[in-house]
S.K.: 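I have a structure here, written as structure tokens, and I will follow up with some questions on it.
A, B, ... follow the sequence lines: proteins, then strands. Residue 1 opens every chain.
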2 protein chains.
Amino acid sequence: MATSGEAITVAPRQRRKDAKLATIVREAWDLARRDGLAAISLRDLAARVDLRQPSLYAYFESKHDLYDLMFADGYRQLLAAAAPEIAGDPRRRLVEFVRRLVQFSTEDLVRHQLLFQRTIPGFEPSPESYRLAVEFYDLARSRLAEVGVTAPDDIDVFSALVSGLGHQQIANDPGGDRWVRQSERVVDMFLADVDRRRGANDGRGTT
Amino acid sequence: MATSGEAITVAPRQRRKDAKLATIVREAWDLARRDGLAAISLRDLAARVDLRQPSLYAYFESKHDLYDLMFADGYRQLLAAAAPEIAGDPRRRLVEFVRRLVQFSTEDLVRHQLLFQRTIPGFEPSPESYRLAVEFYDLARSRLAEVGVTAPDDIDVFSALVSGLGHQQIANDPGGDRWVRQSERVVDMFLADVDRRRGANDGRGTT
DNA sequence: GTCTATACATCGATAGAC
DNA sequence: GTCTATCGATGTATAGAC
């Protein structure tokens, strides 16, 4: 029985470590909300998870590595918030998708900063973490494709609209809905513009 | 001659101090671009302006106070970039105004962070500095009023569009023009939306 | 995997002489 | 206004025992 001896004892040990790591990341977010993203202290973090500061290095190799864990965690949260199916026609699905994104941005300033802004000077997500980000952008593209939007310029404009709503919401009305409630209007404005430009180009081919 | 003795000697002395302060702020921006906004070191800054670190406290009272000087300086730069008169009809003036703002955002990441994002945890601009920000937003409102846009919701949507273009530009194509060149399209999209909604409400009064 | 102990650098800010 | 000297804290990271 080469398997049982290991599979039964090692697996729970790994599960314990994963659970502890999840706790560490959760507390790290909490500290970031309190002191700012760049001001997370490993001493404070260790104290919150009942460890001594050097023991944290059993869970990540450096502070940037911790940011990477948080980055991946943040995109997992984003996917969890944005991916669930939405009933209705494609336009309505897109509106609700945008509303979810803007809402997500406004829920957590530092999460928004780590995921969408360049707040930590030297930080670059690892390829594994970046894959989660790509997964999200693929999801966004598919929501756009459903309403017939696939041109790169259109996608760029759309991304600016969404990021602008989220940014204004969190910067000027945190916790409120002053920009969240413009989601539907902005989507309709965008779709009307795409239609208008499509009409203007009609009959001229695909140039 | 109570005046001459003071007016002649004190004024140049003050002018010297102002010039030195301007140098300090300029070098602070340079350090921020190199190390990040939060990582500005007063020792490094002092070395760059040929002072010892404690001597900086003759020019500002704390590090937050330095950020306040930079905040005010940044908005003065923004006003200098955005305020110059533009020839042409109101629509063209608005397009050019937006292009200037997006361009301004993309020119300096840390300036963009200090002016438009909440990167420094405890920092709040002083009332004097904030007045410059208000001056800018008044300018933006007047550009909008020229094309007949005055409703708060319209202004909110417009602000989201502009900030979204700037944000995407600096986050995903720093130094390029991928979103800058969408400025005119976005303005036209916005104006068409305002018109469309105005038409939809016509004859129904001011509700 | 967690600990103690510690290295080593850096930080913002203050005291007090000139 | 600028200096020297220094305080007190904090930061990340490593060595080595258990």
S.K.: Does anything in residues 19-36 of chain B come within less than 4.0 Å of DNA chain D? Heavy atoms only, and list the residues if so.
M.R.: none

S.K.: Go through the structure and list residues passing side-chain hydrogen bond (donor to acceptor under 3.5 Å, both in side chains) with B:Glu27, not counting sequence neighbours.
M.R.: B:Arg48

S.K.: Grab the CG-P distance between B:Leu56 and C:dG12 for me, whole Å please.
M.R.: 10 Å

S.K.: Using a 3.5 Å cut-off and no angle test, enumerate the donor-acceptor pairs between side-chain atoms of residues 93-101 of chain A and protein atoms at least two apart in sequence or in another chain.
M.R.:
| unit_1 | atom_1 | unit_2 | atom_2 | d |
| --- | --- | --- | --- | --- |
| A:Arg93 | NE | A:Glu146 | OE1 | 3.0 |
| A:Arg93 | NH1 | A:Glu85 | OE1 | 3.1 |
| A:Arg93 | NH1 | A:Ile86 | O | 2.8 |
| A:Arg93 | NH2 | A:Glu146 | OE1 | 3.4 |
| A:Arg93 | NH2 | A:Glu146 | OE2 | 2.9 |
| A:Glu96 | OE1 | A:Arg99 | NE | 3.4 |
| A:Glu96 | OE2 | A:Arg100 | NE | 3.4 |
| A:Arg100 | NH1 | A:Ala82 | O | 3.4 |
| A:Arg100 | NH1 | A:Pro84 | O | 2.7 |

S.K.: Apply side-chain hydrogen bond (donor to acceptor under 3.5 Å, both in side chains) to A:Asp35 and list each qualifying residue two or more places apart in sequence or on a separate chain.
M.R.: none

S.K.: Less than 4.0 angstrom between a side-chain N/O of A:Ser55 and OP1 or OP2 of C:dC3, yes or no?
M.R.: yes

S.K.: B:Phe71: what forms a ring pair (Phe, Tyr, Trp, His ring centres under 6.0 Å) with it, not counting sequence neighbours?
M.R.: B:Tyr75, B:Phe123

S.K.: Return the polar atom pairs (N/O with N/O) between nucleotides 12-16 of chain D and the protein under 3.5 Å, or none.
M.R.:
| unit_1 | atom_1 | unit_2 | atom_2 | d |
| --- | --- | --- | --- | --- |
| D:dT12 | OP1 | A:Ile40 | O | 3.2 |
| D:dT12 | OP1 | A:Lys63 | NZ | 3.0 |
| D:dT12 | OP2 | A:Leu42 | N | 3.1 |
| D:dT12 | O4 | A:Arg43 | NH2 | 2.9 |
| D:dA13 | OP2 | A:Tyr57 | OH | 2.5 |
| D:dA13 | OP2 | A:Lys63 | N | 3.3 |
| D:dA13 | O5' | A:Tyr57 | OH | 3.3 |
| D:dA13 | N7 | A:Gln53 | NE2 | 2.8 |
| D:dA13 | N6 | A:Gln53 | OE1 | 2.9 |

S.K.: Toward the 5' end of DNA chain C, which comes first, A:Lys17 or B:Asp44, by nearest nucleotide?
M.R.: A:Lys17

S.K.: Rounded to whole Å, how long is the line connecting atom CZ of B:Arg52 with atom P of D:dG1?
M.R.: 19 Å

S.K.: Please enumerate all residues that pass side-chain hydrogen bond (donor to acceptor under 3.5 Å, both in side chains) together with B:Asp138, with sequence neighbours excluded.
M.R.: B:Arg141

S.K.: Side-chain donor-acceptor pair under 3.5 Å between A:Trp29 and A:Asp108, yes or no?
M.R.: no

S.K.: Without decimals, in angstroms, what is the distance between B:Tyr59 OH and C:dA13 C1'?
M.R.: 18 Å

S.K.: Who are the side-chain contact (heavy atoms from CB on, under 4.5 Å) partners of B:Leu21, not counting sequence neighbours?
M.R.: B:Tyr59, B:Leu69

S.K.: Figure out the CG/C1' separation between B:Leu45 and C:dA13, and round it to whole Å.
M.R.: 15 Å

S.K.: Excluding sequence neighbours, so at least two apart, what forms side-chain contact (heavy atoms from CB on, under 4.5 Å) with A:Asp154?
M.R.: A:Val149, A:Ala151, A:Phe190, A:Val194, B:Arg185

